[in-house]
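One is the number of the first residue; the rest follow in order along the sequence.
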Amino acid sequence: MIGGVIVGLLLSSAGGADLRPDADGTVTERAVWFFDLFGSTVFIGALKMIVAPLIFFSILHGITSLPTSGELWSIGGKTLAYYFTTTSVAVVIGLVLVLTIQPGMRGDRDAIRAKKEQNLAEFGKKTDRIESARDASAWETVKQNLERTIRNPFRALAEANSLAIIFFALLLGIALVAIGDKGRPVIPVLDGANAAIMKVTSWIMVGAPFFIFCLVASLIAQEGSRIFALLGWYVITVIAGIALHVLFLLAVCKFVGKRSPIEFLKGIRRPWMIAFSTRSSAATLPVTMDAVDKELKVPRKIGDFVLPLGATINMDGTALYEGVAIIFLLQLFGGLPGAPADLTFVMTLVIFLTAVLASIGAAAVPDAGLITMVLVANAIGLDPEYIPVVFGVDAFLDMFRTSTNVMGDAVGCVVVSRLEGAESGSG
């Protein structure tokens, strides 16, 4: 990321304001074309390729991992209730902050919009669609979203229709659990497919540092240093939201889990720092399980269920980040081709629901938030072409949101352990 900034600034100063990713001629212009090829074309194309099957199989894997009887069913119900609640709170915090601070309305917004508009001539065909939807009523919007959600699941996968994919995956997963023994032979197949998709995702993410270098270099070369003032407000908004959510999680640990926040933070210091540096909930999982067992003294049967499930479906930091990022992009580029002009209440509600549900399938690997962000953008009609603007600071913010995800999982263990102990009378 730092290398991309340096190279981008050098290219910007050498090439002036007329750099285009499709330009040819000078060495500087060809360098920008090269960076855009690997950044936007290859990397974003790979994200689009993997996003639909990743979410589908990950959600199915999480649902079919639920227990079917007795004590573990009780643990599963409390775990899901906790995860859904904290993720919803995280998204609400992010939406309130981004709508209050309005980072996309600050900095050199007009110049950046004008620059981007020059590069979007090929998207002019979408203008009519945007204009026709500008005056649509809230009820018409709800009906259109329902039509896009309840539809052929294969078509939804082909079109990467986020709401439809999530809806059908949840429905199919619950049905497989409900039919009991008849559904069990299918579950190993789904687990294998999920593992394979996760492996493909890890292969893509191996090249993420190089691709992000290319994205940052191309972005800075075309936009110049003025992009930093705008992204600075964006970074402040995301980190402020995560800080507020961490305080919320500590309050839950204190008042629901009956555990001292200081004691809790000491117990998870190792997995928290490993998550911050590796940016992977999956890589941190063994350390998290060990810390929850030995430091926080959570019963092993609870930790062994809550933590692996949380690494799949509990992504508080990611959900918060996605809501902030999408509204930031709408504030910055709203009204340009492929970007809705107005942020309505219904659209905000769709962002909330999609960010919460999409975080369920976020892969527990670095930069996975980039993948699910495409889903949230698709849900409100925002062209993924605009997403690279935030990629320049994504790796930095990923450290904060991943460590928050791991912290949320550990708090979940404390809460579920307390609730189970309170009901059983064991303390």
Side-chain angles (χ1 to χ4, degrees), residues 47-68 76-77 79-81 83-84 87-88 91 140-201 309-315 318-319 322-323 326 346-347 349-364 368-382 384:
L47 296 181
K48 291 179 180 179
M49 173 187 69
I50 199 65
V51 63
L54 174 68
I55 295 299
F56 180 74
F57 285 110
S58 184
I59 290 178
L60 276 177
H61 173 71
I63 294 296
T64 54
S65 296
L66 290 175
T68 56
T79 301
L80 290 179
Y83 284 158
F84 180 79
T87 301
S88 298
V91 176
E140 289 175 346
T141 304
V142 170
K143 181 181 178 182
Q144 291 172 0
N145 284 325
L146 283 175
E147 290 174 346
R148 289 196 295 267
T149 300
I150 306 173
R151 66 191 314 175
N152 187 327
F154 296 101
R155 181 179 177 183
L157 287 168
E159 297 176 353
N161 184 324
S162 55
L163 290 176
I165 293 171
I166 292 171
F167 173 77
F168 185 75
L170 288 172
L171 189 65
L172 181 59
I174 292 172
L176 285 171
V177 173
I179 61 177
D181 293 340
K182 292 183 179 179
R184 289 180 183 174
V186 181
I187 294 177
V189 177
L190 296 176
D191 290 346
N194 179 67
I197 294 297
M198 293 288 284
K199 176 58 68 174
V200 174
T201 303
L309 186 63
T312 302
I313 70 173
N314 185 46
M315 303 288 177
T318 301
E322 289 169 353
I326 294 301
V346 172
M347 192 178 295
L349 183 61
V350 170
I351 292 173
F352 166 77
L353 292 174
T354 311
V356 171
L357 295 176
S359 68
I360 294 174
L370 303 180
I371 299 173
T372 52
M373 194 188 301
V374 177
L375 284 180
V376 184
N378 288 341
I380 60 167
L382 177 67

Would a 4.5 Å heavy-atom cut-off, applied to side chains only, mark Phe56 and Ile197 as touching?
no
Closest non-hydrogen atom pair between [X] and [Y], with its separation:
X	Y	answer
Ile380	Met347	CG2-CG, 3.6 Å
Ala319	Thr87	CB-CG2, 3.7 Å
Glu322	Val376	OE1-CG2, 3.8 Å
Thr354	Ala379	OG1-CB, 3.6 Å
Ile326	Ile351	CG2-CD1, 4.0 Å
Gly310	Tyr83	CA-OH, 3.3 Å

Calculate, to the nearest 0.5 Å, the distance between atoms CG and CG belonging to Leu176 and Leu171 respectively.
10.0 Å
Output all residues satisfying side chain to side chain contact (heavy atoms under 4.5 Å, CB included) with Leu349, sequence neighbours left out; order by chain, then residue number.
Phe352, Leu353
